[in-house]
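Notes to accompany the following structure.
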Amino acid sequence: VLFTKQINFITTKNLGFKSDQILVIKDAFLANKDPFKQAVQQIRNVEIASFSNTVPGRHFNDQGIHVQGTPPSSNYAHVFNGDTELKELFNLELITGRWFSEDSEKDNASVILNETALITLNITDPLNTILDKGSWSDHSADQDTVIGVVKDFNFKSLQWPIQPMALYTGSNRDYDNAYLSIKISQS
């Protein structure tokens, strides 16, 4: 009975993102990632492909983060770096603001937060809020502007509460695009 309840729980729990029909290739280090991604997207039944530094259920690095003009603190956010297709790939729900645009160089200095990050950082009006990356121990902080907020989703094990997350994109980000996630159509 307990086993059946556990299986039912993990198969019916709303994680806040959709992982159905997604194939993940780990350690997809590619010098020419864009042409490779375009070639993958031409394969029959491939709906979308997206590079990222991690995927839900795997390890997320974290960084110190605080609102500009407030004292540096020990607040942190887990970092999810990826290309502009992450929202569509995982069906993430944007609550306010906008998603990253491939055409916007300004998005290299932009961030999208989850709901828990807003609470942790005590942000009530998130759009255009400027965040300093780094914490009390990091004096080399740079700044990002909040352009959107995503609904919280379980990116770690269900035994952990949802934690603050900062989503980034852009070529200037320190990420290695170690994962290529490919959404396959059911037909």
Side-chain angles (χ1 to χ4, degrees), residues 10-11 13-65 76-95 98-105 107-117 131 133 142 144 146-187:
I10 63 173
T11 58
K13 171 76 173 157
N14 180 357
L15 300 175
F17 70 94
K18 299 225 185 226
S19 61
D20 299 349
Q21 306 301 114
I22 295 178
L23 169 70
V24 177
I25 301 171
K26 186 177 184 307
D27 296 328
F29 298 101
L30 297 169
N32 297 314
K33 65 180 176 35
D34 291 330
F36 180 75
K37 185 173 95 170
Q38 290 169 359
V40 167
Q41 288 177 313
Q42 298 303 312
I43 298 171
R44 191 173 139 256
N45 293 337
V46 169
E47 290 182 13
I48 192 163
S50 178
F51 280 104
S52 62
N53 68 324
T54 189
V55 293
R58 302 297 299 172
H59 174 75
F60 280 76
N61 292 327
D62 57 271
Q63 68 185 17
I65 191 168
Y76 69 92
H78 293 279
V79 177
F80 199 1
N81 293 317
D83 59 27
T84 57
E85 284 81 17
L86 277 179
K87 177 181 176 285
E88 184 180 348
L89 178 83
F90 289 112
N91 200 28
L92 300 177
E93 184 179 338
L94 189 66
I95 295 172
R98 66 175 180 84
W99 193 256
F100 302 110
S101 169
E102 243 178 73
D103 301 329
S104 177
E105 282 296 315
D107 282 354
N108 286 337
S110 298
V111 62
I112 296 173
L113 299 175
N114 70 351
E115 296 169 294
T116 298
L131 300 178
K133 288 193 318 189
D142 60 325
D144 295 302
V146 178
I147 62 168
V149 178
V150 293
K151 184 171 180 57
D152 279 345
F153 62 96
N154 292 88
F155 56 91
K156 288 184 151 194
S157 169
L158 292 176
Q159 68 187 3
W160 296 101
I162 295 174
Q163 297 174 341
M165 174 175 280
L167 294 100
Y168 297 100
T169 194
S171 58
N172 294 335
R173 293 289 166 209
D174 180 23
Y175 66 95
D176 51 23
N177 293 315
Y179 293 84
L180 175 62
S181 299
I182 303 167
K183 188 170 202 163
I184 309 295
S185 67
Q186 293 183 358
S187 56

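Because the structure is a prediction, the values reported are computed rather than measured.
Of the inter-residue distances, the one linking M165 atom CE with H78 atom NE2 reads 7.5 Å to the nearest 0.5 angstrom. Atom CG of N45 is separated from atom CD of Q186 by 10.5 Å, given to the nearest 0.5 angstrom. Taking CD1 from I162 and CD from E115, the interatomic distance works out to 8.0 Å, rounded to the nearest 0.5 Å. In this structure, F90 CZ and F80 CZ are separated by 5.0 Å, a value rounded to the nearest 0.5 Å. The distance from atom CD1 of I22 to atom CG of L89, rounded to the nearest 0.5 Å, is 4.0 Å. How far OH of Y168 is from CG of L86: 14.0 Å, rounded to the nearest 0.5 Å.
The side-chain contact (heavy atoms from CB on, under 4.5 Å) check on A77 picks up I65, P164, A166, with sequence neighbours excluded.
At a threshold of 4.5 Å between non-hydrogen side-chain atoms, the residues I95 and V150 do not count as touching. The side-chain heavy atoms of I182 and I43, taken from C-beta on, include no pair separated by under 4.5 Å. L92 is not listed as a side-chain neighbour of K151, based on a closest heavy-atom distance of 4.5 Å or more.
Panel note: side chain D152, backbone N114; no donor-acceptor pair is recorded below 3.5 Å. No donor-acceptor pair closer than 3.5 Å links the side chain of N81 to the backbone N or O of N53. Remark: side-chain polar atoms of D107 are not paired, donor with acceptor, to backbone N or O of F100 under 3.5 angstrom. A donor-acceptor pair under 3.5 Å is absent between the side-chain atoms of E85 and the main chain of S50, judged by distance alone. Between the side chain of D144 and the backbone N or O of L131 there is no donor-acceptor pair closer than 3.5 Å.
Nearest heavy atom pair, residue L180 against residue A49, reads CD1-CB, 4.1 Å.
Each of I112, I147, T169 was scored for a side chain to side chain contact (heavy atoms under 4.5 Å, CB included) with W99, with one residue passing: I112.
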Dump the intermediate steps for side-chain contact (heavy atoms from CB on, under 4.5 Å) on I184 and V46, then the final yes or no. CA-CA 5 Å; I184 309 295; V46 169; 4.0 Å; yes

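With a 6.0 Å radius and a threshold of 12 heavy atoms from other residues, nucleotides or ligands, E88 has its CD atom at or below the threshold.
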